[in-house]
Amino acid sequence: MDVRGLTAAAFPEGAFVSVSRDRTGRVWVPNSSPDRGFTEMHCMSGHSNFVSCVCIIAPSETYPRGLIATGGNDNNICVFTMDRPQPLITLKGHKNTVCTLSSGKFGTLLSGSWDTTAKVWLNEKCMMTLQGHSAAVWAVVILPEQGLMLSGSADKTIKLWKAGRCERTFTGHEDCVRGLAVISSTEFFSCSNDTSIRRWQVTGECSQVYYSHTNYIYSLAVFPNGQDFVSTGEDRTLRIWRKGECAQTIRLPAQSVWCCCILPNGDIAVGASDGIIRVFTENEDRMASAEDLQAFEDELSKATIDPKTGDLGDIKMEDLPGREHLNEPGNRDGQTRLIKDDQKVEAYQWSVSDGRWVKIGDVVGGSNQQTSKSVMYEGKEYDYVFTIDVNEGGPSMKLPYNVSEDPWLTAHNFLQKNDLSPMFLDQVANFIIENTKGHVVGPAQSSGVDPFTGGARYIPGASDNGPGSGADPFTGSGRYIPGSGPNITTPAGVADPFTGGGAYSSAALREMTTNIYFPKTDGVTFEQANASQIFAKLKELNGGAPQEQRLSEEVLESLERLLGSVCGPDTDGPPPTIPEINLLWKAAHWPEDIVFPVLDILRLAVRHPHVNQTLCGEAEGIQLCNHLLNLMRPEGRPANQMLALRTLCNCFSGRHGRALLMAQREMVLSRAADLTAVCNKNIHIALATLVLNYAGCLHSQPDLEGKAQCLSVASRALETVQDKEAVFRLLVALGTTVASDQTAQDLARSLGVSSQISRYSSMSDPSKVGECCQLVLKELQ
């Protein structure tokens, strides 16, 4: 998988360290074999998610070989020695992906994160947090002058910090700052998504701007002379800069060239999205064999280049010259030339050292598809048969597609059939959508009721020929279902999709000028219940409980009265009493295998003002929170996890519950986020609702940390959640978080939210998902 970070190692001589999306770090040492390659000496694992960055902590008396620090998408920093595969220490403190690291003197470590902060670590502790950026911190470096640090951010600025305070802000880049590299104690380079590299004085002046890249620039590394440098980016290239000019362009058979580092001998190591590390040298003694060089050139020539990336400019096939154009020499190293060969477009690059044009790939994007009315493939007729090059430089694969099929399902089946990584799902599905010119044939859109609580939602176990009132997967058909109740089908008609009883019509929305989905600031609760079934289940389980845990008839009667008062039709009846509430709280500590009907009563009870005030008060509230979070632990029972989440959602219906949950936000959302890994639709819907309720409470508050956590949890959940109702609620949560808040929008952009959710923009069943997604994307434009 993608190699995301590289750095030269302090030990052994000539070694370097790589980190990858495969969650590992690896140490590579030069070998003495004829192929002059590198051998893996050490593999490190300790992250629970992708590893994004790496740096070396200089040797010390305690660790004479130095230490290796890695940052990951699990929000942690792991520090390794050279002789153990597990971390020596794990640094926790960031609230989102750690995407950049830099080390300084005396063991100082500087980290940057998507949580918009940089942190300074020393002796296993966070010494200070650098706050001031309004979006993800993509790059950090520690300058040679003690106490000076730099951070580059998706907010397009670079900040100079001294002793934890921002001394200066550098502006000039027009997009995210992705990389920083130190020239000296007074100068540094920066690179950006705006395709430029800038040279800065620490006093604030930009002394030079370098242009050559045609897409995002991800990384920089400076040669020992302090003047020449290398850069890599999304345009598939490594570029070598000498005396301020791009002296050489090396194109790679991979779309994203994520990282580079310069080894002590002057060689350049490069990591890319194809999972391969390549080392380039000027020294003939270290050059690869003729066979390996030819294999690299062959791999490059088989690559496919999508003109939509803009790497090759605007292409008009009819204006391109033929193969005879390659007889003319190029003007400079790395010059690109396109030629037309029959009905194909090929890309070539001029190599000064070889004095010839080297093929760097075939240009695709419309020319590689068959679009006749029907195409035969494996004995069947299809509307389209695409040629897909997922593995850069690997063999092409055929993808048959009919416009009546779902692009995402087709992409999923294609990846499974060809044993390809699910990480390509978005890429393949979007390719299908773009290249079928929007042709979609599918079932008629169904009209639904309230998208959060309405009867038209799919319910596991429901009959195909009637409204959903089927069995819950925990307790089986025809028996008590935690949190369920009769669904009421209402007459068709346009209504508020959150609270209306009528059916919601997408056609009507298109005539509206207002956004009916977000911001949603009133809490969403789980109201449905069948009190008689809940109580019958409670009595049944009580009868089979061990004698010492069995509830007395008096306690059962008390719980029945409380249940009637919190979900009965008579709202003027007597409120629950303190003794009844105390008995409910005591019963909620029943053994976990039988407690779920009590939790269901608790879920309904916390909506009542008296219960909300009693159980969510200051001292009692902490106990309630801790008890529910304990039930939500990942190894817990799914029924209890779901009901604990629903109870937390319903706590938002009262001011005491809201105050409690806002005070405990970090802990509650962190635990809830762990349940994204549980494969259960009901849990995912409850989790999405919890995030939505938090987003609603935070909407009018300038709490960037809280909004960042909402964005992070929603983004993490969308990686695994499949249920459309859960996806819809997460989209509303995202929309509520970013609505009317420029800073939150910048943060969402820097986290890549737009690309993550774009696949839902064309979803028409249910229509609310696609429509809400389009509105969120509009906010993030």
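Just so you know, these numbers come straight off a predicted model, no measurement behind them. Computed from heavy atoms alone, side chains included, the values below leave out hydrogens, waters and symmetry copies.
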query = Which is it for W585 and E620 under the side-chain contact (heavy atoms from CB on, under 4.5 Å) test, yes or no, and what are the steps along the way?
reply = CA-CA 10 Å; W585 173 241; E620 298 84 356; over 6 Å; no

ask   = Tell me, do V606 and S653 make a side-chain contact under 4.5 Å, heavy atoms counted?
value = no

ask   = Under the 3.5 angstrom rule, does the side chain of Q745 hit a backbone N or O of V738 as a donor-acceptor pair?
value = yes

request  = Check L645 against L687 and note the closest heavy-atom contact, atom names and distance.
outcome  = CD1-N, 4.0 Å

query = Does one side chain, of E666 or Q709, offer a donor that lies under 3.5 Å from an acceptor on the other?
reply = no

key: Under 3.5 Å: donor-acceptor pair, side chain of T736, backbone of K520   = yes

request  = Go through the steps for N76 and V98 under the test side-chain contact (heavy atoms from CB on, under 4.5 Å), then give the verdict.
outcome  = CA-CA 7 Å; N76 295 336; V98 179; over 6 Å; no

ask   = Does S45 offer a backbone N or O that forms a donor-acceptor pair with the side chain of R23 under 3.5 Å?
value = no

query = Do L690 and V668 come within less than 4.5 Å of each other through their side chains, counting heavy atoms only?
reply = yes

query = Which heavy atom in A695 sits nearest to a heavy atom in C710, and how many Å separate them?
reply = N-SG, 3.9 Å

ask   = If we only count heavy atoms from C-beta on, is the K768 to E725 side-chain gap below 4.5 Å?
value = yes

Heavy-atom donor-acceptor pair, R646 side chain to R603 backbone, under 3.5 Å = no

query = Sub-3.5 Å donor-acceptor pair from the side chain of S113 to the main-chain atoms of T97, do we have one?
reply = yes

ask   = Taking the six-membered ring for Trp, is the centroid-to-centroid distance between Y760 and F728 below 6.0 Å?
value = no

message = Between K681 and D723, does any NZ, NE, NH1 or NH2 come within less than 4.0 Å of an OD or OE carboxylate oxygen?
response = yes

query = Quick one: does N640's side chain have a donor or acceptor within less than 3.5 Å of a partner on L631's backbone?
reply = no

message = So which atom in A587 and which in V595 form the shortest heavy-atom distance, rounded to 0.1 Å?
response = O-CG2, 3.9 Å

query = Counting only heavy atoms not in R550, do more than 12 sit closer than 6.0 Å to its CZ atom?
reply = yes

query = What distance separates D522 CG from N693 CG, expressed to the nearest 0.5 Å?
reply = 9.0 Å

task = Check step by step if side-chain contact (heavy atoms from CB on, under 4.5 Å) holds for L556 and F535.
result = CA-CA 9 Å; L556 288 173; F535 194 69; 4.1 Å; yes

query = Can S52 and N73 be said to form a side-chain hydrogen bond (donor to acceptor under 3.5 Å, both in side chains), step by step?
reply = CA-CA 7 Å; S52 309; N73 283 44; 2.8 Å; yes

task = Could you tell me the separation between the CG atom of N680 and the CE atom of M642, rounded to the nearest 0.5 Å?
result = 7.5 Å

message = Would M763 and C773 count as a side-chain contact (heavy atoms from CB on, under 4.5 Å) here? Give the steps.
response = CA-CA 9 Å; M763 185 176 285; C773 179; over 6 Å; no

remark   = Scanning both residues in full, the closest heavy-atom pair of V678 with H684 reads O-NE2, 2.6 Å

inquiry  = If we ignore hydrogens and angles and just use 3.5 Å, is the side chain of S670 paired with the main-chain N or O of M667 as donor and acceptor?
reply    = no

ask   = Does any non-hydrogen side-chain atom of M662 lie less than 4.5 Å from one of L698?
value = yes

ask   = If you measure from OG1 on T70 to CE on M44, what distance do you get to the nearest 0.5 Å?
value = 7.0 Å

inquiry  = Under a plain distance cut-off of 3.5 Å, with no hydrogens placed, do T129 and Q131 share a side-chain donor-acceptor pair?
reply    = no

message = For a 4.5 angstrom cut-off between non-hydrogen side-chain atoms, does L551 reach L559?
response = yes

query = Take atom NE2 in H610; do more than 12 heavy atoms of anything else shown fall under 6.0 Å from it?
reply = no

From T614 atom OG1 to I578 atom CD1, the distance as rounded to the nearest 0.5 Å = 3.5 Å

query = Is there a donor-acceptor pair closer than 3.5 Å between any side-chain N or O of W114 and the backbone N or O of C99?
reply = no

query = Do D703 and R665 have side-chain heavy atoms sitting under 4.5 Å apart?
reply = yes

Spatial distance of atom SG (C567) from atom CG (D600) [nearest 0.5 Å] = 9.5 Å

query = Is any side-chain heavy atom of V713 closer than 4.5 Å to a side-chain heavy atom of Y694?
reply = no

ask   = Between S111 and H94, do the side chains contain an N or O donor and an N or O acceptor separated by less than 3.5 Å?
value = yes

query = Where the side chain of S558 meets the backbone of E554, is there a donor-acceptor pair that is under 3.5 Å apart?
reply = no

inquiry  = Show the nearest heavy-atom pair for residues L602 and L615, with the distance to one decimal.
reply    = CD1-CD1, 3.6 Å

Point-to-point distance, once rounded to the nearest 0.5 Å, from CG of L538 to CD of E560 = 9.5 Å

query = Tell me, do L777 and S761 make a side-chain contact under 4.5 Å, heavy atoms counted?
reply = yes

key: Side chain R607, main chain N650, donor-acceptor under 3.5 Å   = no

inquiry  = For a quick test of reading the model, state the closest non-hydrogen atom pair linking E592 to N630 and the distance between them.
reply    = OE2-ND2, 4.0 Å

